[in-house]
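Here the structure is a predicted model, which means the values were calculated and not measured. Convention: sequence-line order gives letters A, B, ...; per-chain numbering from 1.
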There are 2 protein chains.
Amino acid sequence: MKPTAKQVAHAAGVSLAAVSRAFTPGAPLDAAKRKRILAAAESLGYISPARRTANAIAAGTITLVAGDLLNPFYPTVLDTLARQLQASDRQLLVYTMAANADVDAIIPQILAARPSAIIVTSTFLTSNMARACRQHQIKVVLLNRIQRDARINAVACDNYQGGRDIGRRLLERGYRKIGFIGGVANTSTHAERARGFQDILAEAGRSIHVRAAGDFNYHDAYAAGMAVLSGGDPPDALFCCNDIMALAVMDAARERGLRIPDDLAVAGFDDIPMAGWNAYRLTTIRQPVERMVQEALNLIDDPTIKPSDDGVTRTLPGTLMARKSA
Amino acid sequence: MKPTAKQVAHAAGVSLAAVSRAFTPGAPLDAAKRKRILAAAESLGYISPARRTANAIAAGTITLVAGDLLNPFYPTVLDTLARQLQASDRQLLVYTMAANADVDAIIPQILAARPSAIIVTSTFLTSNMARACRQHQIKVVLLNRIQRDARINAVACDNYQGGRDIGRRLLERGYRKIGFIGGVANTSTHAERARGFQDILAEAGRSIHVRAAGDFNYHDAYAAGMAVLSGGDPPDALFCCNDIMALAVMDAARERGLRIPDDLAVAGFDDIPMAGWNAYRLTTIRQPVERMVQEALNLIDDPTIKPSDDGVTRTLPGTLMARKSA
DNA sequence: ATAAGAACTGAAAAATTTTCACACACGGTC
DNA sequence: GACCGTGTGTGAAAATTTTTCAGTTCTTAT
């Protein structure tokens, strides 16, 4: 039998009216009493009509927590997601988060909207947030991120294989002093790409000639590129962990008068639109954005996957885009 | 006195239960009868409790209809808007639209969410949509667009003055054969920038040496640049109606072996992040995105501006970013 | 100290949603 | 063609929730 407000009122030891008020924002009610009523309602499984309609509305809503929109890869993801959701008549709520922002601060805001699912492309998902979402029965899918420990669904490009593909390309083209410009160290995108890259070099009896960190952004990567190219014994090829950094490194190399790819080969990862521009013609790995988004929605729509389950991880293959830069 | 369901039932000649069902999606009710009830409710001004909570939720929601997210200017806007809304505890719904998509097709989708306001950065707002929003008492603000005829609020950079500033800069630097690469002809951004540019040239007794259209995107602008530079009597300076096109033109110029700014000066408009990169160092007009977004929200929050009013237009000054390219 | 008023409350009234029993149309079966 | 299920649509009545009302308590300004 469906629990009623009357039962909640009895359980909380208040009047029926108070229960109704507890669910009406702005209604005059002692805060402590409201809390008691809400707790009683929760334990009985009571859902007020207002909450029910709110849930119905939110059911057609998916929240995207986007990280760095300045990296053109993410607008592409956003665009693709928006289109696919429009096609299935759902709505897209967007939150953005500065790289160093306090994620936990916006959790209540996000949860207040009670979306049916959350897609996260920002760098970090705290375990706090993961727990909160599980509790509220909201599905979470990480996109372009993997966090195996956190028992969370994830969709990503095969970053390991991509790292290998780039490495093989550089080896095949005869480069000898192959360096690596990393992103943010404790991200799966950085770690997996680096691992694949390192593995294939090792298999060929090589090791990474020089390393530096570019923090996934243009500015830091430019500085890193400059530093690496100015050192003694500079590399003749650099694999940058994403495209933005690769473009920065190319700019730095040209600034130093190096010809690409003759003096220095540069490869990236993502295949953002600019990678194909004539100023760069960057060799990179194309992430299958369309399919990644599709797969994220599949995970969300799959009723056999419950928010409380351990995470499912889907990995999709990238494509080597062999252009002029490497 | 607040109208009740009973009155609606009487007016529509149906039972009270039917009125309730009319407002419950999925409830079994003859479509024609539901329509009759809804019409009666509308004319009496009756709002069902479900609709009322839905409205309350939507009141904290603002919808962004974004156009071309591939132009990095718009992610910047989106990012700024998202941040400002998060700060004021509101939510951001995002729709994207291909440049040539049928705007009217998503109107019902957007309206179904009944947001408190809509911000539009996409190229076109049809009069259909304007009318629908006025009818539903939803405020609309165009951002980076002006459409004076449509009686719609708008916030934009001072495109006319920006066009003048660029023109003056090119004249001051002594360029003689000054050309213009336009965007999409019937947009206010194109028209105003072109007009300012043309006016200042005219004041100096000059006219535009050569014109071409780049459609606001990289690909077409690259082709336009190539065409213009390959013609007889090529220009020694080009003002491109936005930054993406300017970057394309620079790439095209380099492809033809031209040095920038010696053989060809290039100027843009927007100041997207890439304009400052070392590969380009583009002279351009910085749009005051932060203030534009702020102003758009001011228009939305200003209770003296009603959705039914004629539009208010706010213009904010841009800043000339003098870099190496011109 | 005291009046004014704001916040909180339960009982009861009002309003709305849901249940229930029934009517009716439709498609297949004998 | 008569005879079932089956599913949809319906109003009356029951169940449920929201709102009003009147009274209480607690603060705040004078």
Side-chain angles (χ1 to χ4, degrees), chain A residues 1-61 89 108 111-114 116 136-137 303, chain B residues 1-61 89 112-114 116 136-137 303:
Chain A
M1 195 76 296
K2 221 168 51 178
T4 71
K6 212 179 207 170
Q7 296 169 32
V8 175
H10 188 257
V14 297
S15 74
L16 177 59
V19 177
S20 172
R21 285 193 263 259
F23 286 97
T24 309
L29 186 67
D30 184 69
K33 185 178 279 193
R34 166 169 284 148
K35 207 170 160 190
R36 201 166 77 241
I37 295 171
L38 257 35
E42 173 96 7
S43 77
L44 286 169
Y46 172 73
I47 298 172
S48 73
R51 173 58 53 82
R52 193 149 44 231
T53 53
N55 285 354
I57 293 169
T61 299
D89 219 2
L111 259 39
R114 297 184 174 279
S116 63
H136 290 266
Q137 293 284 306
Chain B
M1 195 74 301
K2 221 168 53 178
T4 71
K6 212 180 208 169
Q7 295 169 31
V8 175
H10 187 258
V14 297
S15 74
L16 178 58
V19 176
S20 172
R21 285 193 262 260
F23 286 97
T24 309
L29 187 67
D30 183 68
K33 186 178 278 194
R34 166 170 283 149
K35 207 169 160 190
R36 201 166 76 240
I37 296 170
L38 257 34
E42 172 95 7
S43 77
L44 285 169
Y46 171 74
I47 299 172
S48 74
R51 172 60 52 83
R52 193 150 44 232
T53 53
N55 285 353
I57 293 169
T61 299
D89 219 2
R114 296 184 176 278
S116 63
H136 289 266
Q137 292 284 305

Q: Would you kindly give the CZ-to-C1' distance between B/R52 and C/dT16, to the nearest whole Å?
A: 10 Å
Q: Tell me the interatomic distance from A/D30, atom CG, to C/dA6, atom C1', rounded to whole angstroms.
A: 14 Å
Q: OP1 or OP2 of C/dG10 sitting under 4.0 Å from any side-chain N/O of A/K33?
A: yes
Q: Indicate the atoms forming the closest heavy-atom contact of B/A58 with B/A113, along with that distance.
A: CB-O, 3.4 Å
Q: Mind listing the closest non-hydrogen atom pair of A/Y46 and A/P49 along with its distance?
A: OH-CD, 3.9 Å
Q: Counting heavy atoms not belonging to B/H10, are there more than 12 under 6.0 Å from its NE2?
A: no
Q: Provide, to the nearest angstrom, the distance between the NZ atom belonging to A/K6 and the P atom belonging to D/dT18.
A: 15 Å
Q: Rounded to the nearest 0.5 Å, what's the gap from OG1 on A/T53 to CD1 on A/I47? Could you check?
A: 11.5 Å
Q: To the nearest 0.5 angstrom, please state how far the OG atom of A/S20 sits from the CD1 atom of A/I37.
A: 9.5 Å
Q: Please give, in whole Å, the distance from D/dT18 C1' to A/R51 CZ?
A: 17 Å
Q: Quantified as the angle between the terminal helix axes (five pairs each), what is the overall bend of the helix from C/dA1-D/dT30 to C/dC30-D/dG1 to 10 degrees?
A: 20°
Q: Locate the shortest heavy-atom distance separating A/A11 from A/A40; write the atom from each residue and the value.
A: CB-CB, 4.4 Å
Q: Scan residues 9-22 of chain A against DNA chain D and write down, sorted by residue number, each residue with any heavy atom closer than 4.0 Å; if none is found, say none.
A: A/L16, A/A17, A/S20, A/R21
Q: Supply the atom-to-atom distance A/I57 CD1 to B/R114 CZ, rounded to the nearest 0.5 angstrom.
A: 10.5 Å
Q: Please give me every residue in residues 38-48 of chain B whose heavy atoms get under 4.0 Å of an atom in DNA chain C, ordered by residue number.
A: B/Y46
Q: Can you tell me how far CG of A/L29 sits from OG1 of A/T24, rounded to the nearest 0.5 angstrom?
A: 9.5 Å
Q: Out of B/R34, B/K35, B/E42, which one pairs with B/L38 under the side-chain contact (heavy atoms from CB on, under 4.5 Å) rule?
A: B/R34
Q: A quick test of your reading: do over 12 heavy atoms of other residues, nucleotides or ligands sit less than 6.0 Å from CZ of B/R51?
A: no
Q: Without decimals, in angstroms, what is the distance between B/F23 CZ and C/dA15 C1'?
A: 14 Å
